Amino acid sequence: MLPSYYFMMKKYFTLSCCALAVWVSSCQEQPAPTAAQSKQQAFGLEAYLNQEAQNLHQATAAVTKTVSENGKAQETKTFSQLNWAEELGPFAEADINKPALLGAFTEEKTTNAAGQTVHRYRAKEEADATVRDVAYTFDAQGQLVQVDATLVQENMLFNTQKKLHLELQPAASPRLQSYSLDETQKLMFMGPQRYSVAGKVQQK
């Protein structure tokens with residue numbers, strides 16, 4: 001199996017493993033939705049990414065990935081094959097349609113300079129949500145072209161902020177063009193560390 005985000009990042013951030021384990025564990029503890037709880041307050045990102053992972057797998061899409069630490073590129077590699085479900089897994093964390101999050105966000109709809117419609121969701125001040133902000137950008141035909149999200153996890157031991165970015169081309173197959181994950185971690189008694197992974201899908 002080729003390296004995913006966390007395997008690549010481990011090389012540079014071994015001290016953050018425990019913090020990430022706590023985050024993953026907290027995400028897994030959320031109850032699974034039932035049929036009666038299937039209401040959606042926003043775009044169904046998780047289902048969309050699951051479908052796109054299948055498309056990327058079927059297309060045997062190659063990707064060039066760059067890992068950076070504190071703003072400096074450390075490694076760039078091109079992969080001819082990836083486990084796309086695992087690769088896109090961190091982005092599915094930005095889906096706010098989980099039952100526990102219904103009603104926890106305010107929605108704002110705007111039009112950007114390119115004439116695209118942007119749906120932005122911000123967590124309410126009292127909301128117990130890791131996702132603090134997520135924006136979906138749609139073209140004139142209502143097709144998704146961009147996703148941006150900010151996720152924050154805080155406790156007595158660490159503070160972690162993730163910024164996620166996806167760019168898509170609805171007319172292409174696969175639709176995913178590029179993606180990035182930028183994470184800043186502040187562990188107790190240590191200075192902040194920042195790492196990022198950026199991927200560009202190679203079009204055939």
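Everything quoted here is computed from the prediction, not taken from an experiment. Note that the numbering runs from 1 along the sequence shown for the chain.
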Quiz item: Counting distance only, does the side-chain N/O of D182 pair as donor-acceptor with the main-chain N or O of S196 below 3.5 Å?
Solution: no
Quiz prompt | Shortest non-hydrogen contact from A135 toward V118 | solution = CB-CG1, 4.2 Å
Quiz prompt | Validation row: L82, K65 side chains within 4.5 angstrom (heavy atoms) | solution = yes
Quiz prompt | Heavy-atom closest pair, residues A127 and A104 | solution = CB-O, 3.6 Å
Exercise. Determine whether V145 and L164 fall in the same hydrophobic cluster, where Ile, Leu, Val, Met, Phe, Trp and Tyr are linked whenever their side-chain heavy atoms lie under 4.5 Å apart.
Key: no
Quiz item: Which pair of non-hydrogen atoms, one from L101 and one from D95, has the smallest distance, and what is that distance?
Solution: CD1-O, 4.3 Å
Practice problem: Compute whether any side-chain donor of one residue and acceptor of the other, for Q161 and T150, lie under 3.5 angstrom apart. | Solution: no
Quiz item: Nearest 0.5 Å, what's the CG-CD distance between N159 and Q185?
Solution: 9.5 Å
Quiz item: Looking at L168 and P170, what are the two nearest heavy atoms and their distance?
Solution: O-CD, 3.8 Å
Self-check item: From E69, E183, Q74, residue fulfilling side-chain hydrogen bond (donor to acceptor under 3.5 Å, both in side chains) relative to Y195
Solution: E183
Quiz item: Going through the distances and angles, do K109 and E107 end up as a salt bridge (charged side-chain N to carboxylate O under 4.0 Å, His left out)?
Solution: CA-CA 7 Å; K109 186 186 297 185; E107 179 183 3; 5.5 Å; no
Quiz item: In Å and rounded to the nearest 0.5 Å, what is the CZ to CZ distance from F105 to R122?
Solution: 12.0 Å
Quiz prompt | From S178 atom OG to Q146 atom CD, the distance as rounded to the nearest 0.5 Å | solution = 8.5 Å
Quiz prompt | Shortest non-hydrogen contact from A73 toward S68 | solution = CA-OG, 3.5 Å
Self-check item: Parallel, tilted or perpendicular: rings of Y136 and F43 (30°, 60°)
Solution: tilted
Self-check item: Where E167 and H165 come nearest, the two heavy atoms and their spacing
Solution: OE2-NE2, 2.9 Å
Self-check item: Inter-residue atom distance K162.NZ - F91.CZ, 0.5 Å rounding
Solution: 9.5 Å
Practice problem: State which residue, out of V134, L181, D133, T130, fulfils the side chain to side chain contact (heavy atoms under 4.5 Å, CB included) condition with L151. | Solution: T130
Quiz item: Less than 4.5 Å apart, any side-chain heavy atom of V147 and any of Y48?
Solution: no
Practice problem: Answer with yes or no whether the side chains of Q41 and Y121 bring together a donor and an acceptor at under 3.5 Å. | Solution: no
Quiz item: Roughly how far, to the nearest 0.5 Å, is the CH2 atom of W84 from the OG1 atom of T60?
Solution: 11.0 Å
Practice problem: Hey, could you give me the CD/CZ distance between E125 and R132, rounded to the nearest 0.5 Å? | Solution: 9.0 Å
Quiz item: Do any N or O atoms from the side chain of E52 and from the backbone of L176 form a donor-acceptor pair under 3.5 angstrom?
Solution: yes
Quiz item: Short question: side chain of Q81, backbone of F79 - any donor-acceptor pair under 3.5 Å?
Solution: no
Quiz item: Is the number of heavy atoms from other residues, nucleotides or ligands under 6.0 Å of H119 NE2 greater than 12?
Solution: yes
Self-check item: Heavy-atom side-chain proximity of E154 to V152 below 4.5 angstrom
Solution: yes
Exercise. Could you verify whether a donor N or O on one side chain and an acceptor N or O on the other, from N55 and Q51, lie under 3.5 Å apart?
Key: yes
Quiz item: Between L166 and L144, is any pair of side-chain heavy atoms under 4.5 Å apart?
Solution: no
Quiz item: Got a donor-acceptor contact below 3.5 angstrom from the Q202 side chain to the K200 backbone?
Solution: yes
Exercise. Keeping the roles fixed (side chain from N97, backbone from A42), state whether a donor-acceptor pair exists under 3.5 Å.
Key: yes
Quiz item: Does the side chain of Q143 come under 3.5 Å of the side chain of D139 through a donor N or O and an acceptor N or O?
Solution: no
